[in-house]
Number of protein chains: 2
Amino acid sequence: MSRTPRGETRSRILEFMRRRIAAGEPPTVREVQQAFGFRAVESARAHLRALVQAGQLVHLPGRARGYRLPEPVGALSWVPLLGRVQAGALSDAIEAPEGYVPVRAQDAGKAHFALRVVGWSMVGAGILPGDLVIVRRQPTAHSGEIVVALVGDEATVKTLRLRGGQVVLEAQNPDFPPIFPDPESLRILGKVVEVRRYLEEGS
Amino acid sequence: MSRTPRGETRSRILEFMRRRIAAGEPPTVREVQQAFGFRAVESARAHLRALVQAGQLVHLPGRARGYRLPEPVGALSWVPLLGRVQAGALSDAIEAPEGYVPVRAQDAGKAHFALRVVGWSMVGAGILPGDLVIVRRQPTAHSGEIVVALVGDEATVKTLRLRGGQVVLEAQNPDFPPIFPDPESLRILGKVVEVRRYLEEGS
DNA sequence: TTGCAAAGCAGACATTTGTCTGCTAAATTG
DNA sequence: CAATTTAGCAGACAAATGTCTGCTTTGCAA
């Protein structure tokens with residue numbers, strides 16, 4: 001039986017595993033076997049075992065489709081892209097997201113969502129209309145951080161500033177005056193942890 | 001036995017499935033059962049079946065961990081984050097990436113990579129130093145598109161412009177004069193399809 | 001209240017899939 | 001070349017996991 005030179009098949013298998021796992025579909029040992037034309041399941045498994053040995057894969061013994069990628073390549077998640085967010089309707093909006101955006105797993109979980117920016121008020125911070133902001137939900141924030149806050153009935157993106165005990169929402173654009181919200185009615189939805197701009201159609 | 005109101009459990013299960021599948025680890029029916037405290041496997045399976053019925057999940061019958069997300073939520077991939085790119089060394093740089101960045105699958109494949117932006121030359125386009133640009137490799141581009149081009153020995157991000165048959169690389173910052181590169185030595189590495197800014201530490 | 005449909009339960013069963021043992025053949029090494 | 005390691009093969013076995021049937025409970029509305 002002819003045979004591929006040392007190590008070459010192995011890295012091709014790693015590539016195969018990376019693709020499949022990243023696509024959310026870890027393969028079975030037998031799928032690896034077939035994909036590479038082995039005639040025995042064990043041949044595939046030996047390669048997988050070697051890749052685990054080399055630290056390039058992680059194995060959960062006994063579990064079906066139990067091979068994973070070691071961090072940081074492996075972990076990622078999706079965050080719901082909400083349209084406009086009305087006061088109090090945040091949880092409703094999460095029920096019917098406009099779409100989903102991939103993020104690193106550390107930014108995942110229920111605590112995050114994404115919004116599309118409307119208007120030019122934050123150009124000074126490099127945030128343009130149409131950009132997506134990824135927001136970690138939290139009820140407070142530090143001075144200087146960019147937050148999503150409810151002002152009136154609509155969510156807006158602004159820089160939070162504390163001026164002598166007084167909360168100010170600053171735009172990053174001289175054309176937009178700062179907002180001095182009533183502390184009672186101010187509600188911080190979360191902190192902007194990422195800004196994203198797609199330059200081609202499709203979100 | 002107390003029970004959650006109609007439909008609520010279902011959307012929580014969908015959320016659970018989304019997270020697990022996106023993380024590269026589709027759960028088993030029994031894992032869903034346990035996660036939601038059902039006492040019978042069938043209870044979980046009934047929910048999953050209903051979600052498939054509603055088109056919110058896709059099922060591969062008989063396969064272990066056989067639930068998938070329908071496009072476009074499901075498909076995603078990773079793109080290598082290159083540091084600085086020297087002339088001609090692009091393929092070398094890809095061999096040793098600084099890290100990986102998650103993107104939607106449509107932006108995946110070998111044809112893409114990410115770069116970190118240095119300098120203020122593109123502020124006018126909302127691209128700040130430290131931002132990541134996701135680049136689709138292509139040897140040409142249209143006028144007005146933002147490209148990564150090799151000028152001298154270093155890669156730079158600029159707007160490509162055609163002025164009467166003459167190629168110009170324009171910065172988006174009045175402090176930076178346009179570049180009129182020698183057509184012989186100009187090399188376009190690709191087109192910027194996305195801009196990304198992380199506002200917290202960790203890339 | 002009564003009836004119906006949705007939700008849940010219990011357990012058996014079938015299939016998929018991981019794992020093991022022993023073997024053969026090709027590469028590598030001294 | 002002989003010894004050793006690596007790659008691959010074959011088949012059996014066991015565990016994980018999907019699927020099925022029949023039944024009970026709950027929510028809802030006529």
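Spacing between atom CG of B:Leu51 and atom P of C:dA7 amounts to 11 Å, rounded to whole angstrom units. Distance A:Glu25 CD to C:dT17 P: 11 Å, rounded to the nearest Å. Atom pair A:Phe38:CZ and C:dT24:C1' shows a separation of 16 Å (rounding to whole Å applied). In this structure, the CD atom of B:Gln33 is 17 Å from the P atom of C:dA7, given to the nearest Å. Note: CD (A:Gln34) to C1' (D:dG8) measures 17 Å, nearest angstrom. As a whole-Å value, the separation of A:Leu48 CG from C:dT19 C1' is 13 Å. Distance A:Tyr67 OH to C:dT19 C1': 9 Å, rounded to the nearest Å. Rounded to whole angstrom, the span from the CG atom of B:Leu60 across to the P atom of C:dT16 amounts to 13 Å.
Listed by first then second residue, pairs satisfying side-chain hydrogen bond (donor to acceptor under 3.5 Å, both in side chains) with a partner in residues 50-64 of chain B read A:Glu31-B:Arg63, not counting sequence neighbours.
Listed candidates were D:dA10, C:dT19, D:dT19. Nearest to the side chain of A:Pro61 is C:dT19. For A:Thr28, the listed nucleotide lying nearest its side chain is C:dG18; candidates were C:dG18, D:dA10, C:dA10. Nearest to the side-chain atoms of A:Glu42 among the listed nucleotides D:dA10, D:dC20, C:dT17 stands D:dA10. Candidate nucleotides C:dA10, D:dG18, D:dA10 were compared by shortest atom distance to the side chain of A:Ala40, and D:dA10 ranks first.
For the pair A:Arg65 and C:dT17, the criterion of a side-chain N or O lying under 4.0 Å from OP1 or OP2 is met. Checking the phosphate oxygens (OP1, OP2) of C:dA6, no side-chain nitrogen or oxygen of B:His47 falls inside 4.0 Å. Between C:dC9 and B:Ser43, a contact under 4.0 Å exists linking OP1 or OP2 to a side-chain N or O. Residue B:Arg30 places no side-chain N or O under 4.0 Å from the OP1 or OP2 atom of D:dT17.
A salt bridge links A:Glu25 to B:Arg68: one of the charged nitrogens lies within less than 4.0 Å of a carboxylate oxygen.
Nearest-nucleotide mapping onto DNA chain C: of B:Ala64 and B:Gly37, the residue sitting toward the 5' end is B:Gly37. Both A:Val41 and A:Ala46 lie close to DNA chain D; mapped to their nearest nucleotides by heavy-atom distance, the more 5′-ward contact belongs to A:Ala46.
The base of C:dG18 lies outside donor-acceptor range of the side chain of A:Arg45, with no N or O pair under 3.5 Å. The base of D:dG18 does not come close enough to the side chain of B:Arg63 for any donor and acceptor atom to sit less than 3.5 Å apart.
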*Verify salt bridge (charged side-chain N to carboxylate O under 4.0 Å, His left out) between B:Glu15 and B:Arg18, making sure each step is shown before the conclusion.*
CA-CA 5 Å; B:Glu15 206 45 51; B:Arg18 282 196 176 123; 3.7 Å; yes
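Between B:Phe16 and B:Phe36, the ring-plane angle classifies as perpendicular under the 30° and 60° cut-offs.
When each of B:Gln172, B:Glu170, B:Glu145 is paired with B:Thr159, the side-chain hydrogen bond (donor to acceptor under 3.5 Å, both in side chains) condition holds for B:Gln172 and for no other.
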